Number of protein chains: 2
Amino acid sequence: MKLPDTTVLGYALLGLIQLKPSSGYDLRKIFAETAMGNYSSSPGAIYPALERLESQGLIRGVVEDGVGLRRRRLYKLTSKGGSALKRWLSRPIAQADVMRGAQELMLRFSFMDRALGPDATIAFLAGFRSALEAYLAGLESYLSENAPQMPLSGRLALESGIRGYRGLYDWTDYAIRTYRQSQTSPRSRHAKTDRGGLR
Amino acid sequence: MKLPDTTVLGYALLGLIQLKPSSGYDLRKIFAETAMGNYSSSPGAIYPALERLESQGLIRGVVEDGVGLRRRRLYKLTSKGGSALKRWLSRPIAQADVMRGAQELMLRFSFMDRALGPDATIAFLAGFRSALEAYLAGLESYLSENAPQMPLSGRLALESGIRGYRGLYDWTDYAIRTYRQSQTSPRSRHAKTDRGGLR
DNA sequence: TCCACCATGTAACTGGTTACATGATTAC
DNA sequence: GTAATCATGTAACCAGTTACATGGTGGA
């Protein structure tokens with residue numbers, strides 16, 4: 001027991017590499033320049049993480065040696081890496097995931113349709129939705145019970161959280177509807193010039 | 001240069017101790033049982049953090065020795081700790097703070113009216129609001145430019161982020177209005193039975 | 001020639017996680 | 001007496017941060 005668990009950053013890397021084989025530099029740019037910027041992007045995080053993934057056999061890096069090219073190590077997902085990614089994407093939704101702001105769940109979602117297909121993605125969204133519903137119920141009952149005794153800023157901070165989760169809840173509805181539509185009329189689900197990820 | 005910077009957890013502890021002198025166990029309970037659960041709560045995080053704060057002179061712990069009482073170390077804010085807290089609360093809002101989900105900003109807000117008063121809090125909310133506006137503009141222009149080429153899940157994930165920030169933006173409006181109201185009719189801004197924090 | 005960018009590393013440090021340990025007090 | 005809770009610690013481990021280092025390539 002206690003085999004070195006893959007970090008969230010590791011899974012983010014796995015997911016991006018699955019979308020498109022990439023070098024460490026490519027991945028750093030994605031974290032630095034896109035909406036995925038909440039993850040590191042520093043070389044001291046990315047390169048060791050890639051080494052770890054490679055030593056676990058989840059990715060494999062090949063040095064590109066074209067003429068007049070800078071050396072760069074292009075990483076591809078191995079089949080073991082693919083199944084590790086799918087296992088992570090298929091994990092049941094814990095309420096702890098919701099409590100921590102649901103960022104990891106959103107990350108999973110953004111890789112999910114490519115790896116598991118639209119049906120699994122819709123199922124995931126439905127589970128996400130009911131987890132949010134349960135969590136919201138708790139927050140709202142807490143608020144209604146304690147609002148009178150709470151300091152104003154505490155009450156407002158809690159209300160901000162509630163609004164945020166309610167917004168996410170509405171979003172899951174919207175996302176499910178959108179997915180259903182795209183299934184019945186699947187014209188151009190992915191564009192050819194797709195560069196991957198949630199930029 | 002490079003004096004050991006106080007972590008976000010450290011500031012969370014400072015803020016809670018300012019609201020009410022507390023022991024490590026009290027603070028752990030707050031993190032474990034309230035909406036502040038995104039912070040550690042594990043003894044291996046709290047107690048070392050308290051030691052660090054004490055060694056920096058920001059708090060001071062006194063062992064309560066009442067008869068028939070379990071020994072517990074009650075921490076109080078020192079004046080140095082009070083000014084450190086105020087400095088943190090008064091920091092200008094960086095867009096990096098907004099990008100990382102604004103959790104630290106919400107933490108600052110929840111301690112702010114006690115430490116800096118309602119005027120500073122309203123000013124903070126106004127700054128928060130305009131930072132959100134700027135960030136939202138960037139996200140939305142990115143979306144409108146790239147939506148056609150993005151994979152469905154990536155687009156939806158981005159839209160979820162935009163909805164979240166828009167919700168926060170609306171919340172800042174609401175919070176500012178609420179604060180203004182409470183200033184003109186300041187009846188019972190804090191209840192006597194107040195137990196502090198954003199529970 | 002020199003700067004900007006591509007591209008990959010590494011070394012020191014440090015805060016948080018997990019897990020274990022200890023003992024006192026209260027309630028049953 | 002024993003279980004639950006109060007209350008505080010500590011030790012091993014590890015990922016991420018900061019900062020520095022290295023060298024190739026393309027354009028001005």
Side-chain angles (χ1 to χ4, degrees), chain A residues 1-14 17 21-33 36-56 58-59 61-75 96 100 103-104, chain B residues 1-14 17 21-33 36-56 58-59 61-75 96 100 103-104:
Chain A
M1 76 192 78
K2 206 74 254 291
L3 62 163
D5 238 11
T6 306
T7 24
V8 182
L9 173 63
Y11 285 117
L13 293 171
L14 277 187
I17 290 169
S22 305
S23 68
Y25 191 78
D26 294 336
L27 297 162
R28 284 185 63 202
K29 268 198 333 200
I30 291 173
F31 291 132
E33 295 169 4
M36 297 191 67
N38 31 334
Y39 296 99
S40 56
S41 101
S42 77
I46 303 283
Y47 291 107
L50 288 171
E51 281 166 24
R52 261 175 272 142
L53 293 174
E54 187 164 32
S55 78
Q56 291 176 281
L58 305 182
I59 58 176
V62 183
V63 185
E64 286 185 320
D65 263 336
V67 280
L69 277 177
R70 301 169 195 81
R71 91 186 194 287
R72 54 181 244 134
R73 190 172 295 264
L74 196 75
Y75 287 100
R100 283 171 198 160
Q103 294 181 34
E104 185 175 346
Chain B
M1 74 193 77
K2 204 76 253 289
L3 60 163
D5 239 11
T6 306
T7 26
V8 181
L9 174 63
Y11 283 117
L13 293 171
L14 277 187
I17 290 169
S22 306
S23 69
Y25 191 78
D26 295 336
L27 296 162
R28 285 185 61 202
K29 268 198 335 200
I30 292 174
F31 291 132
E33 296 169 6
M36 295 191 68
N38 32 335
Y39 296 99
S40 55
S41 101
S42 77
I46 303 283
Y47 290 107
L50 288 170
E51 282 165 23
R52 261 176 272 142
L53 293 174
E54 187 164 32
S55 78
Q56 293 176 281
L58 306 182
I59 58 176
V62 183
V63 185
E64 286 186 318
D65 263 335
V67 280
L69 277 177
R70 300 170 195 81
R71 91 185 193 290
R72 53 180 244 136
R73 192 172 293 264
L74 195 76
Y75 288 100
R100 284 171 199 160
Q103 294 182 32
E104 186 175 345

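In what follows, every chain begins at residue 1, and chains take the letters A, B, ... in the order their sequences are listed. Note that the coordinates shown come from a computational prediction; the quantities given were computed from them, not determined experimentally.
The side chain of Arg71(B) lies closest to dT8(D), out of dT8(D), dC6(C), dG15(C). Taking every side-chain heavy atom of Tyr25(A) into account, dA7(C) is the closest of dA7(C), dA15(D), dG9(D). Taking every side-chain heavy atom of Ala45(B) into account, dG16(C) is the closest of dG16(C), dG16(D), dA7(D). With distances taken from any side-chain atom of Ser40(A) to the nucleotides dA19(D), dA7(C), dT17(D), the minimum falls on dT17(D). Listed nucleotides: dT18(C), dG9(D), dA7(C). Nearest to the side chain of Ser42(B): dT18(C). Side chain of Ser23(A), nearest nucleotide from dT8(D), dG16(D), dT8(C): dT8(C).
Put simply, OH on Tyr75(A) is 12 Å from C1' on dA7(C), counting in whole angstrom units. Residue Arg72(A) contributes atom CZ, which lies 17 Å from atom C1' of dG23(D) at whole-angstrom precision. Atom-to-atom, CD of Gln56(B) to C1' of dT14(C) comes out at 13 Å; the value is rounded to the nearest Å. Between Lys29(A) atom NZ and dT8(C) atom C1' there is a gap of 15 Å when expressed in whole angstrom units. When rounded to the nearest whole Å, the span between CG of Leu13(A) and P of dT8(C) equals 13 Å. Rounded to whole angstrom, the span from the CG atom of Asn38(B) across to the P atom of dG16(C) amounts to 13 Å. Distance Arg28(B) CZ to dT5(D) P: 14 Å, rounded to the nearest Å. In this entry the distance linking CG of Leu74(A) with P of dC6(C) reads 16 Å, nearest Å.
Two residues are said to be in side-chain contact when any heavy atoms from C-beta on lie closer than 4.5 Å; Leu27(B) and Leu50(B) meet this criterion.
Residues satisfying the side-chain contact (heavy atoms from CB on, under 4.5 Å) test with Pro48(B), not counting sequence neighbours, are Arg52(B). By the ring pair (Phe, Tyr, Trp, His ring centres under 6.0 Å) test, Phe31(B) is found to be paired with no residue, residues two or more places apart in sequence or in another chain being considered. Residues that satisfy the side-chain hydrogen bond (donor to acceptor under 3.5 Å, both in side chains) test with Arg72(B), not counting sequence neighbours, are Ser23(B), Asp26(B), Glu64(B). Every residue was checked against the side-chain contact (heavy atoms from CB on, under 4.5 Å) condition with Glu51(B), not counting sequence neighbours, and none meets it.
Within residues 46-53 of chain B, the residues having any heavy atom under 4.0 Å from DNA chain D are, by residue number, Tyr47(B).
Each of Gly24(B) and Leu9(A) was assigned the nucleotide of DNA chain D with the nearest heavy atom; the assignment lying further toward the 5' end belongs to Gly24(B).
Residue Gly44(A) is in base contact, counting any heavy-atom pair closer than 4.0 Å across all strands shown.
Sorted by first then second residue, the side chain to side chain donor-acceptor pair (under 3.5 Å) pairs that include residues 36-46 of chain A, not counting sequence neighbours, are Asn38(A)-Gln103(A).
Panel note: side chain Glu104(B), backbone Val8(B); no donor-acceptor pair is recorded below 3.5 Å.
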